[in-house]
Amino acid sequence: MKIQGSIALVTGANRGLGRALVAALLEAGAAKVYAAARDARKIAAQDPRVVPLTLDTTSPEQIAAAAARAGDVTLLVNNAGVSTSAHVLTTSPAAMDADFRVNVHGTLAVIKAFLPALERAPGGATIVNVLSLSSLASVPMFGGYSASKAAAYSITQALRPALKPRRIDVLAALPGPIDTDMVKDVQLPKASPADVARALLAGVEKGDEEIYPDPMAAEMGALWNRSPKDYERAFASF
Ligand SMILES: NC(=O)c1ccc[n+]([C@@H]2O[C@H](COP(=O)([O-])OP(=O)(O)OC[C@H]3O[C@@H](n4cnc5c(N)ncnc54)[C@H](OP(=O)(O)O)[C@@H]3O)[C@@H](O)[C@H]2O)c1
């Protein structure tokens with residue numbers, strides 16, 4: 001799909017990758033961008049095309065209100081995410097629940113609420129789920145988070161054939177480490193949110209079902225395509 005003229009909605013738009021995605025969408029000519037955040041006052045709406053929206057993706061009431069308010073969306077970017085849990089052997093069930101609540105159930109609930117709007121989109125619509133390289137194999141020290149992102153990838157795959165006849169493409173963005181609050185304590189090379197956001201939108205324009213939006217992601221994506229087992233082993237060493 002063309003970003004130019006699209007009407008996008010980005011969840012978790014107040015900071016990190018979400019904020020960069022809003023900027024990249026404006027730069028690429030989106031007609032309107034709903035910038036959704038738990039606290040909409042944190043959205044810096046310097047551009048008249050930005051519409052701040054209150055949306056906690058774990059709140060059914062707020063999801064319904066957002067879907068009613070933003071009924072003209074053609075591009076839904078499910079970016080909101082958390083990384084609460086640690087290794088599966090040591091993390092608490094509550095921490096894993098927290099990751100699944102936002103990364104899996106929140107994402108799916110937002111998608112379901114926006115389906116009527118996306119189906120109405122003239123010329124079809126696109127959903128992008130911001131997943132992670134850890135959707136494809138676990139990073140053991142973030143095992144709970146990895147499991148939630150793997151589940152979100154599985155849901156992405158389930159939605160593709162269901163929504164294709166309804167003219168809605170469902171894409172997965174699978175970034176490596178990005179320089180945001182989420183991984184501020186992780187000592188690894190990190191891509192800039194602005195670069196990842198631009199590459200992600202380039203993938204949307206091409207209609208890539210799997211978007212690898214940074215250099216590490218591109219390298220790991222190629223490894224995944226060659227050998228999922230080598231990919232798993234590479235991540236096991238982190
Ligand atoms: N950073 C990385 O290395 C990396 C790598 C691969 C994938 N990702 C994915 O990229 C996405 C963006 O992450 P980030 O790096 O930008 O992290 P971040 O800086 O921690 O930002 C997370 C965003 O998600 C929002 N959020 C969390 N829970 C929410 C909820 N229940 N409802 C609505 N919004 C919620 C946060 O809002 P508040 O400010 O209200 O908390 C914030 O805007 C996530 O899906 C993440 O899993 C990140």
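Only heavy atoms go into these numbers, but all of them, side chains included; no hydrogens, no water, no symmetry mates. Counting starts at 1 for both ligands and their atoms, following the listed order. We number each residue from 1, following the sequence as shown.
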Trainee: With atoms numbered from 1 as shown, which atoms in ligand 1 lie under 4.0 angstrom from a non-hydrogen atom of Gly16?
Mentor: 16 (O), 19 (O)
Trainee: Which ligand 1 atoms are under 4.0 Å away from a heavy-atom of Arg15?
Mentor: 18 (P), 19 (O), 20 (O), 21 (O), 36 (C), 38 (P), 39 (O), 41 (O), 42 (C), 43 (O)
Trainee: Could you list the atoms of ligand 1 found under 4.0 angstrom from a heavy atom of Val130?
Mentor: 9 (C), 10 (O), 11 (C), 45 (O)
Trainee: So, Asn129 side chain and Leu131 main chain: donor-acceptor pair closer than 3.5 Å or not?
Mentor: no
Trainee: Check Thr11 against ligand 1 and report side chain, backbone, both or neither, counting heavy atoms closer than 4.0 Å.
Mentor: neither
Trainee: Quick check on contacts: which atoms of ligand 1 are under 4.0 angstrom from a heavy atom of Val82?
Mentor: 27 (C), 28 (N)
Trainee: Would you check, one step at a time, whether the test salt bridge (Lys or Arg N to Asp or Glu O under 4.0 Å) holds for Asp230 with Arg233?
Mentor: CA-CA 5 Å; Asp230 285 345; Arg233 289 193 183 111; 3.5 Å; yes
Trainee: Just need the protein heavy atom nearest to atom 43 (O) of ligand 1, so name the residue and atom and give the distance.
Mentor: Asn14 OD1, 2.7 Å
Trainee: For ligand 1, which atoms have a heavy atom of Asp181 less than 4.0 angstrom away?
Mentor: 19 (O)
Trainee: Is Gly176 close enough to touch ligand 1? Criterion: a residue heavy atom under 4.0 Å from a ligand atom.
Mentor: yes
Trainee: Answer with side chain, backbone, both or neither: which part of Ile178 has a heavy atom less than 4.0 angstrom from an atom of ligand 1?
Mentor: both
Trainee: Identify, by atom number and element, the atoms of ligand 1 in contact range of Val102, meaning under 4.0 Å from any of its heavy atoms.
Mentor: 28 (N), 31 (N)
Trainee: What atoms of ligand 1 come closer than 4.0 angstrom to any heavy atom of Leu131?
Mentor: 6 (C), 7 (C), 8 (N), 9 (C)
Trainee: Mark up the atoms of ligand 1 that fall under 4.0 Å of a heavy atom belonging to Pro177, in ascending order.
Mentor: 3 (O)
Trainee: Run the salt bridge (Lys or Arg N to Asp or Glu O under 4.0 Å) test on Lys164 and Glu209 for me, step by step, so that the C-alpha distance in whole Å, both residues' side-chain angles and the decisive distance to 0.1 Å come before the verdict.
Mentor: CA-CA 12 Å; Lys164 194 83 184 163; Glu209 289 195 343; 5.4 Å; no
